[in-house]
Amino acid sequence: MKNIITIVGARPQFVKAATLSRQFQLLGINEKIIHTGQHYDTNMSDVFFSEMEIPKPAFQLDINGVSHGAMTGRMLEGIESILMQEKPDGVLVFGDTNSTLAGALAAAKLHIPVIHVEAGLRSFNMAMPEEINRILTDRISNVLFCPTDSAIKNLEKEGFSNMPIKIIKNGDVMQDAAMFYAEKATSKSDIVNKLGKNNFVLATIHRQENTDNPENLKNIIEGLELINKQIPVVVPMHPRTRNILIQNYKTPEFTIIDPVGYFDMIMLLKSCEMVITDSGGVQKEAFFFGKNCITLREETEWVELVENGYNTLVGSNKDKLIAAFQLMNLKNNDFSLDLYGKGNAAKMAAEEILKL
Ligand code: UDP
């Protein structure tokens, strides 16, 4: 394949796309990016394109701020008309957002091969919009690049081995990004200095099951406030979480900052004592940067982190969060285990794509 259309829309996809775009340029694959507009603020979108040197999107759809159905429907229509005009050899989608599903569906209906990077992951929680998006996307894709052995196993259990779908384990492209940008981040980011804190816990909260459930959010906020009494907690806060907090709660006692760019995030991950998060990507990044992690969810797609003791799941239970914090604080883990590849996942995927 020489002509690829890549669909991105949300923050984690910019990080993943950066790794593939660089490899496409090295291999002479022509890539045009469609940005659906799901995330659009400067600090949720633009900063990633500039810092990570992602090619400027050829198409901007500006679809955001509407319900899941409306968003996916409008994206489907917008992407379809671009694909009809561009006629690419393949469409590349990442992860599990509405942009992923809309891109895959538009391409599949036009019989354009769909390539899904970060395929095969399952939380087995169908209440998560992400789980619906990833299952449907995998099913209508032609090529699935899987980051882990458990992702491959999930697909096998669902009968994918009997389908005309190419399944390849290539490792995790987020590992590539962490390795590639770590040095640059050190020279470019001043965030730790600006924060003025030597010891801190880094936390992020944005998952719908936490932000949209007042009881869950209250428990998490109170748990983080208790931890903050022992060690400062720093939260780069997702705009949707911040809006909900402003409307429903007093200002929390821990430190809230605006969402940060990727370089700042790398430096926060490198410098913190521990990570508390409900993000998929940040759970892995804690591991990449040698930090124990507590996950504010009942389940995770990244099971190998839990199985190997790097991550503890506490849901939104305040007592469990505090207990896990005390436990993880004492844990001296060895982070040298190879769980996500050696930083060449994007190279492997791009070389395969060129051969298709
Ligand atoms: N991230 C960032 N700044 C922040 C919070 C997250 O750069 O303020 C990065 C993070 O390092 C990771 C990606 O955004 O690379 C993860 O995105 P997010 O947590 O929004 O999505 P998820 O991984 O849960 O799908």
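Atoms within each ligand, like the ligands themselves, are counted from 1 in listed order. Everything numeric in this text was worked out from a predicted model, so none of it was measured.
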Practice problem: Kindly write out the residues that satisfy salt bridge (Lys or Arg N to Asp or Glu O under 4.0 Å) with Lys320, not counting sequence neighbours, or none if the list is empty. | Solution: none
Self-check item: Gln283-Thr277 side chain donor-acceptor pair, cut-off 3.5 Å
Solution: no
Self-check item: Distance-only polar pair, side chains of Asp176 and Thr19, donor-acceptor under 3.5 Å
Solution: no
Quiz item: Taking the six-membered ring where the residue is Trp, are the ring centres of Tyr340 and Trp302 under 6.0 Å apart?
Solution: yes
Exercise. Using side chain to side chain donor-acceptor pair (under 3.5 Å) as the criterion, list what pairs up with Asp264, not counting sequence neighbours.
Key: Ser189
Quiz item: Can you list the residues that meet the ring-ring contact (aromatic ring centres under 6.0 Å, His included) rule with His238, with sequence neighbours excluded?
Solution: His39, His206
Quiz item: Near ligand 1, which protein residues have a heavy atom under 4.0 Å away?
Solution: Arg11, Pro12, Val15, Phe48, Met174, His206, Arg207, Pro236, Pro259, Val260, Gly261, Tyr262, Met265, Ser279, Gly280, Gly281, Val282, Glu285
